[in-house]
Amino acid sequence: MEKPLGQINEKTVMFSRKLLDPGSERYEKYYEEFPGHKEPDLHFRSKPGLLNEHAAFYDPFAFNTASAILKSVKAFHPIVDGEPAQRTSDIEAEKIASSIRKWILREGAVSVGFTKTHDYHWNSVIGRGDDFGKRAQLPHSHAIAFTVEMDKKFMDTAPHAPTVMESANQYMRAAVIATEVAMIIRKLGYHARAHIDGNYRVVCPLVARDAGLGEIGRMGILMTPEIGPRVRIAVVTTDLPLPLSAKADHSHMIKFCRICKKCAHVCPSQAISVDDRKDIHGVKRWQINQESCYTYWCIAGTDCGKCMSDCPYSHPNNLFHNMIRALIKNSFIFRHFAVKMDDFFYGRKPKPKPIPKWFQGT
Ligand code: SF4
Ligand code: SF4
């Protein structure tokens, strides 16, 4: 498992940068510290913005629904962490872990894994909210990562309005499960913190990768063996000594990404590279151009999701597609054939699917 050197400063991610209020002290200080970010940020600020009524794919119901759900997720922020209860019973950590795994899956997650935490899992500095500028790392030795599925029909409309509604919906589902699990662990007498939308201290894709849930693909996000990148991730960190998940080898997904490149070809902002992985912070990886991607979001008004929707790994988790995934895993020749087949059946640059009829109100 490749281990990045250093930590990500959360202040530098687009979700933090978009919160900087022009003219404020925080805004001025940020661009003094990162002068290279000023121009690309002025560019995205010149566009209508995410969930804005003047954006290209504005839909009053979808945008208001997404906005309402994301606001509801914020209501969980005050309870992501807290003091643990007095430990009254001595249930073995292994038993707790087994029950937690079952509970998370019962709540609708696609996959769950456990890992030890490493320094590179943590952001260096908190980039948003009241704790802006504070150190992010907590003395939590272990983490639980899980994924929830983004609905395929909604994602296939990407980059149109239903995608952002579905994103918000799954952020909410992940937040409910993660907050619940953190609370359960605290009730059992251990420290635990949920990491949910708008309130992360960790880099979820790296934690999820190390918990055995997938690999970091060409889009720079987690690719799961079940449904590729069509997931949202949440994490719970804790000092409960969880048994570690068995190491899984997902390197075939990297090999497939090397050949496929579909996400790079469909991306409307050319944010995804067609080149091979580069050395970034001591590891070989792909990294998207976050400024280009986010600027497109500000034009579209949605969080786009075109790359996620068209990825050949994003097809449904059913017998047919699982057979294809198994062949991709095991055969170098089939990987090339699978790319050609996917292009033949779905197109190299698939058009967005129509918005579901019920959603159109017909
Ligand atoms: S679209 Fe292809 S290259 Fe991109 S993440 Fe999916 S499998 Fe990898
Ligand atoms: S979300 Fe859209 S703009 Fe961003 S990388 Fe994916 S396809 Fe490109």
Side-chain angles (χ1 to χ4, degrees), residues 13-15 18 40 43-44 47 49-51 55-57 66 150 152 154-164 166-168 170 205 209 214-232 250-278 284-316 321 324-325 327-329 332 334-343 345-352:
V13 305
M14 299 314 288
F15 296 111
K18 74 164 184 178
H43 187 51
F44 85 69
K47 307 297 175 198
L50 194 57
L51 298 176
F57 302 125
M150 311 266 285
K152 178 84 176 106
F154 274 58
M155 291 315 293
D156 280 349
T157 69
H160 294 277
T163 54
V164 72
E166 179 59 8
S167 277
Q170 297 314 327
R209 181 199 68 169
E215 252 303 347
I216 308 296
R218 185 175 288 278
M219 299 172 203
I221 58 174
L222 186 78
M223 294 271 291
T224 65
E226 297 88 4
I227 44 173
R230 193 166 48 82
V231 294
R232 288 282 174 242
H250 299 302
S251 56
H252 59 280
M253 287 194 279
I254 305 265
K255 290 175 189 155
F256 187 68
C257 279
R258 276 211 186 97
I259 306 165
C260 169
K261 305 180 182 179
K262 194 166 210 165
C263 51
H265 289 143
V266 300
C267 172
S269 70
Q270 288 86 48
I272 304 175
S273 169
V274 289
D275 298 335
D276 205 353
R277 296 187 299 168
K278 292 202 163 62
K284 281 218 177 317
R285 59 164 297 187
W286 283 290
Q287 192 172 48
I288 69 156
N289 182 331
Q290 61 163 345
E291 284 89 359
S292 301
C293 172
Y294 189 72
T295 302
Y296 182 73
W297 291 14
C298 292
I299 296 167
T302 71
D303 55 353
C304 177
K306 188 73 182 136
C307 47
M308 193 184 272
S309 149
D310 293 341
C311 173
Y313 256 97
S314 285
H315 290 305
H321 289 295
I324 305 276
R325 289 184 188 105
L327 289 165
I328 287 175
K329 181 173 180 181
F332 167 79
F334 191 82
R335 277 175 214 141
H336 286 268
F337 181 60
V339 172
K340 297 240 178 304
M341 263 192 352
D342 201 85
D343 286 353
F345 285 110
Y346 304 99
R348 173 92 310 220
K349 291 188 175 187
K351 289 207 166 65

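Just so you know, ligand 1 is whichever comes first in the structure, and atom 1 is the first atom listed for that ligand. Both backbone and side-chain heavy atoms feed into the values below; hydrogens, waters and symmetry mates do not.
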Exercise. Are more than 12 heavy atoms from other residues, nucleotides or ligands located less than 6.0 Å from atom NZ of Lys329?
Worked result: no
Below 30° counts as parallel, above 60° as perpendicular, anything between as tilted: where do the rings of [X] and [Y] land?
X	Y	result
Phe256	Tyr313	perpendicular
His321	Tyr346	tilted
Phe337	Phe334	perpendicular

Exercise. Under a 4.0 Å heavy-atom limit, does Ile272 contact ligand 2 with its side chain, its backbone, both, or neither?
Worked result: side chain
For this session: Could you list the atoms of ligand 2 found under 4.0 angstrom from a heavy atom of Cys267?
Result: 3 (S), 5 (S), 7 (S), 8 (Fe)
For this session: List every atom of ligand 2 that sits less than 4.0 Å from any heavy atom of Gly305, numbering the atoms from 1 in the order shown and giving each element.
Result: 1 (S)
Exercise. Taking side chain as C-beta onward, heavy atoms only, is Val274 less than 4.5 Å from His265?
Worked result: yes
Problem set entry | Where ligand 1 meets Met223 - atom numbers and elements under 4.0 angstrom, heavy-atom basis | 5 (S), 7 (S)
For [atom], what is the nearest protein heavy atom, given as residue, atom name and distance?
atom	value
atom 4 (Fe) of ligand 2	Cys293 SG, 2.4 Å
atom 3 (S) of ligand 2	Ser269 OG, 3.4 Å
atom 2 (Fe) of ligand 2	Cys304 SG, 2.3 Å

For this session: Return the set of protein N, O or S atoms whose distance to atom 2 (Fe) of ligand 1 is under 2.8 Å, each given as residue and atom.
Result: Cys260 SG
For this session: Would you check whether Trp297 reaches within less than 4.0 Å of ligand 2, judged by its heavy atoms?
Result: yes
Exercise. If you round to the nearest 0.5 Å, how far is NZ of Lys262 from SG of Cys257?
Worked result: 13.0 Å
Seminar exercise, completed: salt bridge (charged side-chain N to carboxylate O under 4.0 Å, His left out) filter on Lys255, not counting sequence neighbours, yields none
Problem set entry | Cys307 versus Cys263, closest heavy-atom pair with distance | CB-CB, 3.7 Å
Problem set entry | For Met223 against Pro229, the heavy-atom pair lying closest together | SD-CD, 3.8 Å
Exercise. Within Cys307, is some N, O or S atom less than 2.8 Å away from atom 6 (Fe) of ligand 2?
Worked result: yes
Exercise. Do Lys306 side-chain atoms and Pro350 backbone N/O form a donor-acceptor pair below 3.5 Å?
Worked result: yes
